[in-house]
Q: 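This is the structure, below, for whatever I ask next.
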Amino acid sequence: MMMVLGLSFIIFHLSFSSVAAQSWSSKAAKSVFTLKTFGADGHLTGSAIGFFISEEGDAVSSFTPFIGAVRAVVIDASGKELPVEHMLGANEMYDVAKFRVTGKKLQPLQVVSGGMPLLSEGVGGTPVWLLPYSVSKPAAVSGQIAKAETFQESYAYYTVRMQMPENTVGCPLLNANGEVLGIMQQPARQGDTLSYAISAAFVADMKITGLSLNDASLRKTGIPMAMPDGKEDALLMMYMAGSTLDSLRYQHVVDDFIAKFPKEEEGYINRAQLAFNGNRFADAARDMEKAISVSSPKDNAHYAYARMIYQKELFKSSIPFEEWSLDKAVEEANEAIQALATPVTDPQSPANVYRHLLGQIYFAQKKYDDALAVFDELSTTDIRSAEIYYEAARCHELKGDTAQMLAKLDSAVNMYSKPYLKEAAPYLWARALARMNAGKHRLAVQDMNEYEKLIATGLSAEFYYIREQAELSGKQFQQALNDITKATQLAPADPDYFTEKASVETRVGMYDEAIASARECIRLAPDSPNGYLLLGVALCQKGDKTEGLPQLQKAKELGSSQADALINKFR
């Protein structure tokens with residue numbers, strides 16, 4: 001009797017569930033759609049089934065069709081085509097994707113949260129239905145849960161007793177209430193009596209974050225990601241996009257940020273920078289003015305504007321734009337300083353950064369006294385740096401004050417201690433050249449030696465030539481010979497280095513070597529008088545005037561102004 005009652009209950013339960021399924025299937029079918037994706041050439045690259053999970057257009061489907069696609073549309077049960085706007089998440093391993101389409105008041109399915117808790121303790125036998133895409137009366141395919149395994153703590157992966165019809169990967173798997181438990185996965189073999197579904201909640205819970213640009217799955221599709229909901233996450237995405245995406249895709253990210261956060265200055269500043277990079281200065285100016293108008297406080301926006309104008313006048317001055325000038329940059333820099341929300345004396349105030357830019361603008365205007373006053377003041381603040389001392393040194397140099405220039409370069413180098421960091425290299429090189437010009441040749445060589453240690457590889461023939469010149473002036477002949485030899489090895493097709501090598505070798509009495517170097521110079525530049533002149537000198541110095549004097553005569557014929565005096569000397 002008990003067995004008969006139990007069997008009757010099961011039959012009643014299944015019958016009741018079938019009736020229930022019929023009650024929601026027609027409505028639920030409006031949520032299911034066909035997804036089509038397209039490549040850059042416009043050709044169809046893939047298709048799948050999916051369904052809406054929100055009235056605002058959030059939807060889920062298989063991820064495979066999105067790989068390599070740059071555009072996608074969904075065709076709903078009424079035949080209406082809706083474009084896919086953004087990706088909201090993806091997982092290539094489970095082949096699922098979440099995305100958003102353009103549309104309002106769409107018919108969504110209700111996703112069961114998690115999935116596992118709402119199944120009975122005896123999971124096996126729980127009735128479920130696969131709802132296919134259909135433009136006519138839908139026919140839900142019934143089945144039973146055979147097994148539900150937990151992954152990532154709260155989501156279910158279902159094994160279903162059901163033979164999946166063709167082209168139903170991505171279709172929803174629903175319970176008796178018409179709620180979505182899972183998304184159908186690719187079966188092991190077509191016609192199998194066991195099918196599989198991954199928790200729909202797993203896909204519905206996907207979210208775009210500031211780090212989603214690094215997501216390996218999402219990077220495989222050309223359809224843009226949605227902007228994160230939180231401002232900080234959105235800012236992080238925008239900044240990362242600037243260094244990881246091409247300019248067109250980066251432009252989309254910036255536009256999306258502005259659309260989502262229209263009162264945040266960062267979006268307009270970044271879009272202005274894009275316009276600036278494309279020499280669209282009027283567009284950049286409009287966006288910078290907009291950034292200033294929406295910002296509070298306004299110091300950063302004024303500073304960004306001043307820096308942009310300064311860069312334009314410094315690097316793109318040949319492209320006319322009457323609204324911008326260095327005077328305008330000065331105005332914006334001063335506006336930034338005056339708009340500070342914190343007192344200028346506050347150690348955390350960005351005033352010093354703004355002043356630094358102001359000093360650089362004065363320098364570009366050739367107002368060296370004004371620039372020097374700013375740099376000297378900054379050298380006593382918390383942003384004191386080698387760069388600021390170097391900029392002050394340049395002011396002294398252009399004012400003709402060599403002693404003060406060298407003192408400031410000493411301060412720049414002294415910002416680093418030995419062993420020097422690579423960051424010290426440009427300041428060591430600047431001081432080396434300054435010392436060389438000031439006649440402090442051995443000190444210049446010391447700086448060049450330190451510079452060589454820091455750069456290690458990639459030094460040019462020109463470096464060794466310049467150091468050779470300093471060594472010669474400092475009477476360091478062996479070092480000079482080593483360096484000019486290195487220069488000829490790095491630039492074996494340049495006759496000037498062989499000319500210099502022959503000159504040094506002659507100077508130290510290495511006549512045979514000088515003769516060989518001069519002949520190589522002649523081979524490389526037969527119409528230049530230099531090789532013949534040095535060959536003649538080396539031969540004469542060696543005592544071979546018979547061959548040497550004709551070489552000097554050849555140099556004279558080619559226009560050498562020194563040849564006559566040397567011919568008279570050795571004749």
Side-chain angles (χ1 to χ4, degrees), residues 31 35 50-61 63 66 71-72 74 82-92 94 96-115 152-155 180 183 198-245 248-274 287 290-291 294-296 300-301:
S31 304
L35 167 75
F51 53 93
F52 298 116
I53 59 172
S54 80
E55 290 184 350
E56 292 75 29
D58 291 0
V60 298
S61 182
F63 177 63
F66 286 102
R71 185 175 71 88
V74 302
L82 303 171
V84 174
E85 288 182 345
H86 295 108
M87 300 300 297
L88 300 176
N91 186 294
E92 188 176 13
Y94 289 112
V96 288
K98 181 182 177 184
F99 50 95
R100 181 171 294 142
V101 304
T102 302
K104 295 181 179 179
K105 296 183 179 179
L106 300 170
Q107 182 69 52
L109 290 174
Q110 180 66 44
V111 175
V112 173
S113 177
Q152 292 193 9
E153 298 183 357
S154 60
Y155 301 111
V180 185
I183 301 173
I198 187 171
S199 169
F202 169 68
V203 190
D205 288 347
M206 288 179 174
K207 291 182 179 179
I208 295 294
T209 70
L211 297 174
S212 291
L213 284 175
N214 289 332
D215 186 284
S217 296
L218 288 169
R219 287 174 69 89
K220 292 187 176 182
T221 179
I223 295 173
M225 301 176 202
M227 188 60 55
D229 291 330
K231 176 190 168 184
E232 295 306 316
D233 259 350
L235 281 171
L236 177 59
M237 172 178 279
M238 184 168 62
Y239 292 143
M240 288 184 63
S243 59
T244 59
L245 301 182
L248 181 60
R249 295 177 71 185
Y250 176 45
Q251 178 80 57
H252 288 315
V253 173
V254 173
D255 288 342
D256 286 347
F257 181 92
I258 292 172
K260 193 155 192 171
F261 302 97
K263 295 185 178 180
E264 299 297 334
E265 64 187 76
E266 292 89 349
Y268 301 104
I269 292 173
N270 279 269
R271 191 166 68 183
Q273 187 63 52
L274 277 166
D287 270 331
K290 182 66 174 179
V294 301
S295 61
S296 180
N300 181 64

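Not measured: the values here are computed from a predicted model.
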Q: Begin with the C-alpha distance, continue with both residues' side-chain angles, and end with the deciding distance and a verdict on side-chain contact (heavy atoms from CB on, under 4.5 Å) for D256 and H86.
A: CA-CA 10 Å; D256 286 347; H86 295 108; 2.9 Å; yes

Q: For V60 versus F99, what's the shortest heavy-atom pair and its separation?
A: C-CE2, 3.9 Å

Q: Check whether any side-chain N or O of K98 sits under 3.5 Å from a backbone N or O of A204 as a donor-acceptor pair, and report yes or no.
A: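 Judged by distance alone, yes, a pair lies under 3.5 Å.
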
Q: Side chains of F257 and N270: does their closest heavy-atom pair fall under 4.5 Å?
A: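 Heavy-atom side-chain distance check fails, nothing below 4.5 Å.
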
Q: Assess the residue pair I269 and N300 against the criterion (side-chain contact (heavy atoms from CB on, under 4.5 Å)); give the C-alpha distance rounded to whole Å, side-chain angles, the decisive distance to 0.1 Å, and a yes or no.
A: CA-CA 10 Å; I269 292 173; N300 181 64; 4.0 Å; yes

Q: Tabulate below the donor-acceptor pairs under 3.5 Å that side-chain atoms of residues 223-239 make, not counting sequence neighbours, or state none.
A:
{"residue": "D229", "atom": "OD1", "partner": "K260", "partner atom": "NZ", "Å": "2.6"}
{"residue": "K231", "atom": "NZ", "partner": "E264", "partner atom": "OE1", "Å": "2.8"}
{"residue": "D233", "atom": "OD1", "partner": "G210", "partner atom": "N", "Å": "3.3"}

Q: Passes side-chain contact (heavy atoms from CB on, under 4.5 Å), V84 versus R100? Steps please.
A: CA-CA 6 Å; V84 174; R100 181 171 294 142; over 6 Å; no

Q: Would you check if V96 and M206 make a side-chain contact, meaning some heavy-atom pair closer than 4.5 Å?
A: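 Of all side-chain heavy-atom pairs linking M206 with V96, at least one is under 4.5 Å.
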
Q: Which atom pair, heavy atoms only, marks the closest approach of S212 to K207?
A: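 Minimum heavy-atom contact is OG-O, 4.2 Å.
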
Q: Are any of the side-chain heavy atoms of D215 and I208 separated by less than 4.5 Å?
A: no

Q: What are the two closest heavy atoms between S199 and Y155, and how far apart are they?
A: OG-CD2, 3.8 Å

Q: Give the intermediate values and the outcome of salt bridge (Lys or Arg N to Asp or Glu O under 4.0 Å) for residues K220 and E92.
A: CA-CA 9 Å; K220 292 187 176 182; E92 188 176 13; 2.8 Å; yes

Q: What are the two closest heavy atoms between P108 and I53, and how far apart are they?
A: CB-C, 3.5 Å

Q: Find the distance between NZ (K263) and CD1 (I258) and round it off to the nearest 0.5 Å.
A: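 So the NZ of K263 and the CD1 of I258 are separated by 15.0 Å.
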
Q: In the structure I gave you, are the side-chain heavy atoms of L213 and L218 within less than 4.5 Å of one another anywhere?
A: no

Q: I'd like to know if the side chain of Q251 pairs up with that of D255 as donor and acceptor (distance under 3.5 Å, no hydrogens or angles considered).
A: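 Yes, a side-chain donor-acceptor pair sits under 3.5 Å.
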
Q: With side chains defined as the heavy atoms from C-beta onward, is the minimum distance between Y268 and E265 less than 4.5 Å?
A: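 They are not in contact (no side-chain heavy atoms under 4.5 Å apart), so the answer is no.
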
Q: May I ask you to test the T221-M87 pair for a side-chain heavy-atom distance under 4.5 Å?
A: yes

Q: If we only count heavy atoms from C-beta on, is the I183 to F51 side-chain gap below 4.5 Å?
A: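 In short, these two side chains touch, coming nearer than 4.5 Å.
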
Q: Looking at residues at least two apart in the chain, or sitting in another chain, which of them share a ring pair (Phe, Tyr, Trp, His ring centres under 6.0 Å) with F63?
A: none

Q: Might you point out which heavy atoms bring V111 and A201 nearest each other, and give the distance in Å?
A: CG1-N, 3.5 Å

Q: Check the pair I198 / N91 against side-chain contact (heavy atoms from CB on, under 4.5 Å), numbers first and verdict last.
A: CA-CA 11 Å; I198 187 171; N91 186 294; over 6 Å; no

Q: What I'd like to find out is whether the side chain of F52 reaches to under 4.5 Å of the side chain of V101, using heavy atoms alone.
A: yes

Q: Nearest 0.5 Å, what's the CG-CZ distance between L35 and F66?
A: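 Separation between the atoms: 4.5 Å.
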
Q: Could you pull out the closest heavy-atom pair between D287 and A272, with the gap in Å?
A: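 Answer, listing the atom of D287 first, then A272: CB-CB, 3.7 Å.
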
Q: Looking only at side chains, do S31 and Q107 share a donor and an acceptor under 3.5 Å apart?
A: no

